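As structure tokens, the structure follows; a few thoughts come after it.
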Amino acid sequence: MTPDQHAEAAAQLLRAEQTGQQCGLLSLAYPGMTLDDAYAVQKALVAQKLAQGRRKIGWKIGLTSRAMQQALNITTPDSGVLLDDMVFVNASTVPEGRFIQPRVEAEIAFVMKSPLAGRDCTRDDILKATDYVAPSLEILDTRILRADPATGQARIITDTISDNAANAGIVMGANRHAVDAFDLRRVGAILKRDGVVEETGLGAGVLDDPVTSVLWLARRMADYGQQIEAGDIVLSGSFIRPVECPAGTALHADFADFGTVEISFQ
């Protein structure tokens, strides 16, 4: 793809978000699209949003579980950018029409106190750079059709990455913990939708350790001239499957002593 095509694809995604009308699969429109192309589209999309006054507040890491990687026939996570208009207050209500097809995942959020990047980053570097960890919910949305209506072809990893890794919102719980206060591999969540348990999981579902996920991001950024900044929120990846959230849904995530997070959809 050319830089003009990257910008063109990003404009399609932005228009889909603004109108609520999903666009077609970019992987079909641009045959041969690579992962580098997908991240270039994502970068162009974020640049357009920043030009409209948005502010970057962090990163999300996705596709960290083996089940999700196998579903998309890949062996690596992906990442997207968190922006200030994606933040929702704990126990608040998402306005009607804000998202197209929202889904929610339970995650451990890292908030950083110093910058990180580079192929030589270590696990200890991640721990030292973390200010605190907190329970969180990530709201996903898709500005791209999940499948092409004519061919039935499902979206693939290049579609998802281009679409800012499907990121749409973040809800953080009130609890704040030192990064070594819990064994994050064993921090779990019970996610209820309208009072019914839909999903349960443990932090170990994220690359065996959520810290490993943040380490992956810091190292990957070396390839793109980026870094995690002080103050950034990093969503380390979901350890449950995405839960659909049609209008009227109420979600409650119980992380036991780690905390709780809630969000409702009008």
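Sequence positions, counted from 1, serve as the residue numbers for this chain. Since we're looking at a predicted model, the values are computed, not measured. When reading the values below, keep in mind they use all heavy atoms of this one structure, side chains included, and skip hydrogens, waters and symmetry mates.
Applying the salt bridge (charged side-chain N to carboxylate O under 4.0 Å, His left out) test between Glu17 and each of Arg98, Lys49, Arg54 identifies Lys49 as the sole match.
In this structure, Leu217 and Trp59 have side chains that are in contact, with non-hydrogen atoms separated by less than 4.5 Å. Contact check for Leu235 versus Leu82: side-chain heavy atoms found under the 4.5 Å cut-off. Looking at heavy atoms from C-beta onward, Leu13 lies out of side-chain contact with Gln42 at the 4.5 angstrom threshold. Ser238 has its side chain out of reach of Thr64: every pair of non-hydrogen atoms, C-beta onward, lies at least 4.5 Å apart. For the pair Thr158/Asp37, no side-chain contact is recorded, criterion being any heavy-atom separation below 4.5 Å from C-beta on. A 4.5 Å side-chain heavy-atom check between Glu199 and Pro242 finds every atom pair outside the cut-off. At least one side-chain heavy atom of Ile139 sits less than 4.5 Å from a side-chain heavy atom of Phe265. In this structure, the side chains of Leu127 and Asp180 stay at 4.5 Å or more apart for every pair of heavy atoms.
Within a 6.0 Å sphere centred on CG of Asp257, other residues, nucleotides and ligands contribute 12 heavy atoms or fewer. Heavy-atom neighbours of Gln52 CD from other residues, nucleotides or ligands within 6.0 Å: above the threshold of 12. Residue Arg186 qualifies as open at atom CZ: its count of foreign heavy atoms under 6.0 Å is 12 or below. Counted within 6.0 Å of NZ on Lys56, heavy atoms from surrounding residues, nucleotides or ligands total more than 12; the atom is thus considered enclosed.
Side chain of Ser27 to main chain of Ile156: no donor-acceptor pair is present (N/O by atom type, distance under 3.5 Å, no hydrogens or angles). No side-chain donor-acceptor contact under 3.5 Å links Asn167 to the backbone of Asn164. Between the side chain of Glu107 and the main chain of Gly237, a donor-acceptor pair closer than 3.5 Å is present. With hydrogens and angles ignored, the 3.5 Å screen pairs no side-chain donor or acceptor of Asn90 with any backbone N or O of Gly173. Judged purely by atom type and a 3.5 angstrom limit, Gln266 uses its side chain to pair as donor or acceptor with the backbone of Glu96. Within the 3.5 Å criterion, the main-chain N or O of Gln101 finds a donor-acceptor partner in the side chain of Asp141.
Side-chain contact check for Asp254 and Thr260: no donor-acceptor pair (N or O, by modelled atom type) lies under 3.5 Å. Side chains of Arg155 and Thr142: a donor-acceptor N/O pair is present below 3.5 angstrom, by distance only. Thr122 and Asp125 are linked by a side-chain donor-acceptor pair at a separation below 3.5 angstrom, with hydrogens and angles left out of the test.
Interatomic distance, CG of Leu28 versus CG of Leu26, reported as 9.0 Å (0.5 Å rounding). A distance of 9.0 Å separates CG in Leu45 from OG in Ser162, rounded to the nearest 0.5 Å. The structure places OG1 of Thr200 at 10.0 Å from CZ of Phe239, a figure rounded to the nearest 0.5 Å. In this structure, CD1 on Ile61 lies 3.5 Å from OG on Ser213, to the nearest 0.5 angstrom. Interatomic distance, SG of Cys121 versus CZ of Arg220, reported as 13.0 Å (0.5 Å rounding). Taking CD of Glu229 as the start and CE of Met112 as the end, the distance is 11.5 Å to the nearest 0.5 Å.
A salt bridge links Glu138 and Lys60; the closest N-O separation between the charged side-chain nitrogens and carboxylate oxygens is under 4.0 Å. Ion pairing of Arg146 with Glu244 is present here, as a side-chain N (NZ or NE/NH1/NH2) and a carboxylate O approach within less than 4.0 Å. The pair Arg185-Asp209 does not count as a salt bridge, with every side-chain nitrogen at least 4.0 angstrom from each carboxylate oxygen.
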Determine, step by step, whether Asp163 and Thr160 satisfy the side-chain hydrogen bond (donor to acceptor under 3.5 Å, both in side chains) criterion, reporting the C-alpha distance in whole Å, the side-chain angles of both residues, the deciding distance to 0.1 Å, and the verdict. CA-CA 5 Å; Asp163 194 17; Thr160 304; over 6 Å; no

Go through the steps to decide whether Val261 and Phe255 satisfy the test side-chain contact (heavy atoms from CB on, under 4.5 Å), and finish with yes or no. CA-CA 8 Å; Val261 195; Phe255 290 73; 4.0 Å; yes

Check against salt bridge (Lys or Arg N to Asp or Glu O under 4.0 Å), Glu198 and Arg241: CA-CA 9 Å; Glu198 290 286 343; Arg241 71 172 178 84; 3.6 Å; yes

Go through the steps to decide whether Leu191 and Leu137 satisfy the test side-chain contact (heavy atoms from CB on, under 4.5 Å), and finish with yes or no. CA-CA 10 Å; Leu191 184 66; Leu137 294 174; 4.1 Å; yes

Take Asp194 and Val196 through the side-chain contact (heavy atoms from CB on, under 4.5 Å) test and state the conclusion after the steps. CA-CA 6 Å; Asp194 300 329; Val196 177; 5.6 Å; no

Would Asp85 and Arg55 satisfy salt bridge (Lys or Arg N to Asp or Glu O under 4.0 Å), going step by step from the backbone distance to the final call? CA-CA 8 Å; Asp85 63 338; Arg55 179 174 57 87; over 6 Å; no

Step by step, would you call Phe110 with Asp232 a side-chain contact (heavy atoms from CB on, under 4.5 Å)? CA-CA 8 Å; Phe110 288 65; Asp232 275 357; over 6 Å; no

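In the hydrophobic cluster analysis, where Ile, Leu, Val, Met, Phe, Trp and Tyr join through side-chain heavy atoms closer than 4.5 angstrom, Phe99 is grouped apart from Leu140. Hydrophobic clustering of Ile, Leu, Val, Met, Phe, Trp and Tyr side chains at less than 4.5 Å, counting indirect connections, keeps Met1 apart from Ile161. Hydrophobic clustering keeps Leu207 apart from Ile126 (ILVMFWY residues linked when any side-chain heavy atoms are closer than 4.5 Å, directly or through intermediates).
Under the 30°/60° scheme for interplanar angles, the aromatic rings of Tyr39 and Tyr224 are found to be tilted.
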